[in-house]
Amino acid sequence: MVIALLVFVLVGAFLAVTPGVVVGFVVVVTTRRLSLRVRIPVLLLVAAATAALWLGVIDSANLWRSTAIGLTFLATLASGAGFLGIEAAKRRARRIFHPQWPGWYPPAANR
């Protein structure tokens, strides 16, 4: 009985988190050309809208309603923030500069 409850909770958590993760990724990808000051409020707005979709799906007397809303909201925020962090790290990545002409290397101090 306990195992069935755990499986039920895990499947429910997976169903609540999956749309949030997908929507967080889609928001980051589609707002790529906007500045970070615009992207963060857009991510918050879309996370709230995604969580609000559960209001029409789950009955108001259901015990799991607030949990599903919270999980979806947090999953969207975490996914979006994670992908924004990955994208920011790519922008700050060190670039490899090529020498001005082949075979030239800057003088080393220890040679």
Side-chain angles (χ1 to χ4, degrees):
M1 193 72 160
V2 173
I3 294 173
L5 177 67
L6 290 175
V7 169
F8 172 74
V9 169
L10 287 176
V11 169
F14 179 76
L15 290 175
V17 167
T18 302
V21 171
V22 172
V23 169
F25 175 73
V26 169
V27 167
V28 171
V29 169
T30 55
T31 61
R32 185 167 282 166
R33 293 187 178 196
L34 299 175
S35 70
L36 189 61
R37 290 183 184 216
V38 176
R39 292 171 88 180
I40 291 175
V42 168
L43 180 63
L44 287 170
L45 181 69
V46 171
T50 306
L53 288 176
W54 286 109
L55 295 175
V57 175
I58 301 175
D59 187 27
S60 62
N62 196 333
L63 176 69
W64 298 101
R65 182 179 186 179
S66 60
T67 306
I69 291 171
L71 278 175
T72 305
F73 181 76
L74 290 176
T76 306
L77 281 183
S79 171
F83 287 119
L84 279 176
I86 290 170
E87 189 174 291
K90 286 181 182 178
R91 288 184 182 183
R92 286 191 309 260
R94 186 172 181 209
R95 289 176 177 70
I96 300 171
F97 293 104
H98 298 288
Q100 285 83 0
W101 56 85
W104 181 85
Y105 295 99
N110 295 340
R111 283 190 193 180

Minimum heavy-atom distance between [X] and [Y], given as atom pair plus value:
{"X": "S79", "Y": "F25", "answer": "OG-N, 3.6 Å"}
{"X": "L34", "Y": "R39", "answer": "O-CD, 3.4 Å"}
{"X": "T72", "Y": "T76", "answer": "O-OG1, 2.8 Å"}

| query | Taking atom CD1 of I69 and atom CG of L53, what is their separation to the nearest 0.5 Å? | reply |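 Here the rounded value is 10.0 Å.
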| Value rounded to 0.5 Å, distance of OG1 in T31 from CD in E87 |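 The distance works out to 7.5 Å.
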Side-chain heavy atoms under 4.5 angstrom apart, residues restricted to Ile, Leu, Val, Met, Phe, Trp, Tyr: same cluster for [X] and [Y]?
{"X": "V57", "Y": "L55", "result": "yes"}
{"X": "W64", "Y": "L15", "result": "no"}
{"X": "V11", "Y": "V17", "result": "no"}
{"X": "V29", "Y": "I40", "result": "yes"}
{"X": "V23", "Y": "V28", "result": "yes"}

| message | If you define the side chain from C-beta out and look only at heavy atoms, does anything of V42 sit under 4.5 Å from V27? | response | yes
| Should we count CG of L6 as having more than 12 external heavy atoms under 6.0 Å? | yes
